[in-house]
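For reference, the structure is listed below as structure tokens.
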Amino acid sequence: EVKKGDILLEVDKKDLEIKKAQAEAGVKGAKAQLDKAIGGARSQQIEQARAALEQAQAQVDLLETKYNRLYPLYEAEALPEDQLDELRTKLEVARLQREQAQAQLDLVLEGAQAEEIAALESQYELALAKLDEVLALIEDSTVTSPCNGTITLVGVEEGEFVNTGMPIITITDYSDAWVKVDVYENQLSKIKIGDEVEIKSSAYPDKVFSGQVLTINKNPDFAIKKSTDELNEKDLISYSVKIKLMENEGQLFPGMRVDVIFGSEK
């Protein structure tokens, strides 16, 4: 028996741990190169200038989004022109402030080659991305149960090599148990979705399970019942009806044969 979130298995992580160590070393190396390049300027000044630029950019983005949202209202004459002009003025001021913040950052970085710093920043971000990718793979190497249920099949043994898409463990969720029956066409009109039925099993002679008609397949299963009487009536085909067990509690297992009694047969 397993619960949702229980650990089922772990994929061998030896290769991933090696890649993780390599990625962490790459991050340290890229950070060291970047710090060396910007060593000519005080790091605190650079961070302040960058923060000011990011704040100015965020203000521009906010005002542009608001302007793009309100402009259609102005075109539809649902917004006064003076309100749109006021917003346009605020947007122009924000763009000027962004340019000033960019100029201030460029001034702080002037002691070092701006292009070199930009390239090293890109390398540092790339190293971080590679590390994040390895960490995500390590996290995915632990497989947990997606639901409550019972492990009914283990297809591999510990240490065995598996391919992508290969079934490893089968979990049966007995809370979602259902019965499939074939109903001949001349009886189908007596059944509708939502009907309650009784279900009996030879495994529990004194117990009656309750069920409810879940779906009625509109495509025939071609389980043909041949006519054998003298009147030579037409052959009958059957349709699949799916019935959900309302309360199973793990008593009826997959593959068991049961008798289904519809309301019209009681």
Indicate every side-chain donor-acceptor pair of residues 16-30 with a distance under 3.5 Å to a residue at least two apart or in another chain.
none

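Evaluation of the side chain to side chain donor-acceptor pair (under 3.5 Å) rule for D61 yields Q57 as partners, not counting sequence neighbours. Residues satisfying the salt bridge (charged side-chain N to carboxylate O under 4.0 Å, His left out) test with K244, not counting sequence neighbours, are D176. With sequence neighbours excluded, no residue forms a salt bridge (charged side-chain N to carboxylate O under 4.0 Å, His left out) with K218. Listed by chain and residue number, T172 satisfy the side chain to side chain donor-acceptor pair (under 3.5 Å) test with T152 (two or more places apart in sequence, or in another chain). Listed by chain and number, the residues in a salt bridge (charged side-chain N to carboxylate O under 4.0 Å, His left out) with E64 are R95 (sequence neighbours excluded). Applying the side chain to side chain donor-acceptor pair (under 3.5 Å) test to Y71 and every residue at least two apart in sequence or in another chain returns nothing. Under the side chain to side chain contact (heavy atoms under 4.5 Å, CB included) criterion, D12 pairs with K14, sequence neighbours left out. Evaluation of the side chain to side chain donor-acceptor pair (under 3.5 Å) rule for E1 yields T150 as partners, not counting sequence neighbours. Not counting sequence neighbours, K3 has no partner by the salt bridge (charged side-chain N to carboxylate O under 4.0 Å, His left out) test.
No side-chain heavy atom of D182 sits less than 4.5 Å from a side-chain heavy atom of Y239. The side-chain heavy atoms of K200 and I261, taken from C-beta on, include a pair separated by under 4.5 Å. Side-chain contact between I193 and L214: absent, with no pair of heavy atoms (C-beta onward) separated by less than 4.5 Å. Side-chain contact between Q123 and Q33 is absent, with no heavy-atom pair separated by less than 4.5 Å.
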Full working for side chain to side chain contact (heavy atoms under 4.5 Å, CB included) between E121 and L34
CA-CA 6 Å; E121 285 179 337; L34 178 60; 3.6 Å; yes
Residues I243, V181; criterion side chain to side chain contact (heavy atoms under 4.5 Å, CB included); working and verdict:
CA-CA 8 Å; I243 299 167; V181 296; 4.1 Å; yes
Would you please test V213 and K192 for side chain to side chain contact (heavy atoms under 4.5 Å, CB included) and show each step?
CA-CA 7 Å; V213 176; K192 64 180 183 299; over 6 Å; no
Decide side chain to side chain contact (heavy atoms under 4.5 Å, CB included) for V179 and I199; before the verdict, give the C-alpha distance in whole Å, the side-chain angles of both, and the deciding distance to 0.1 Å.
CA-CA 9 Å; V179 178; I199 300 172; 4.1 Å; yes
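For the pair K207 and F209, the cation-pi criterion (under 6.0 Å, within 45° of the ring axis) is fulfilled.
Hydrophobic clustering (side-chain heavy atoms under 4.5 Å, transitive across Ile, Leu, Val, Met, Phe, Trp, Tyr) keeps M246 apart from V241. Grouping the Ile, Leu, Val, Met, Phe, Trp and Tyr side chains by contacts below 4.5 angstrom, directly or via other members, places I237 with V183. Linking ILVMFWY residues whenever their side-chain heavy atoms come closer than 4.5 Å, directly or via other members, leaves L128 and V134 in distinct clusters. Hydrophobic cluster membership is shared by L91 and L84, with clusters built from Ile, Leu, Val, Met, Phe, Trp and Tyr side chains linked at under 4.5 angstrom.
Grouped with M166 in one hydrophobic cluster are V2, L8, L9, V11, V143, I151, V154, V156, V162, I168, I169, I171, the linkage being side-chain heavy-atom contacts under 4.5 Å among Ile, Leu, Val, Met, Phe, Trp and Tyr residues.
What you find for L87 and Y67 is that their closest heavy atoms are CD2-CA, 3.5 Å. Among all heavy-atom pairs drawn from D173 and C147, the shortest one is CB-SG, 4.4 Å. Shown here for L105 and R50, the closest heavy-atom pair between the two residues is CD1-CG, 3.7 Å.
Ion pair E86/K90 flagged as a salt bridge, since at least one NZ, NE, NH1 or NH2 atom sits closer than 4.0 Å to an Asp/Glu carboxylate oxygen.
From W178, atom CH2 reaches atom CG of L252 across 13.5 Å, with rounding to the nearest 0.5 Å. One distance of note links CD of E54 with CZ of R98; it measures 13.5 Å at 0.5 Å rounding. Between the OG1 atom in T89 and the CG atom in D85 there is a gap of 6.5 Å [rounded to 0.5 Å]. To the nearest 0.5 Å, atoms OG1 (T215) and NZ (K180) are separated by 10.0 Å. Once rounded to the nearest 0.5 Å, the distance linking OG of S210 with CG of L245 reads 7.5 Å. Annotation: the span from R257 atom CZ to S202 atom OG amounts to 10.5 Å, rounded to 0.5 Å.
More than 12 heavy atoms of other shown residues, nucleotides or ligands fall within 6.0 angstrom of atom CD in Q212. Applying the 6.0 Å contact sphere to CG of D82 captures more than 12 heavy atoms from other residues, nucleotides or ligands. The number of heavy atoms from other shown groups lying within 6.0 Å of NZ (K66) does not exceed 12. Surrounding CD of E158 are at most 12 heavy atoms belonging to other residues, nucleotides or ligands under 6.0 Å away.
Without hydrogens or angle criteria, N148 side chain to K4 main chain gives a donor-acceptor distance under 3.5 Å.
Within the structure, side chain to side chain donor-acceptor pair (under 3.5 Å) contacts touching residues 135-147 (residues at least two apart or in different chains) do not occur.
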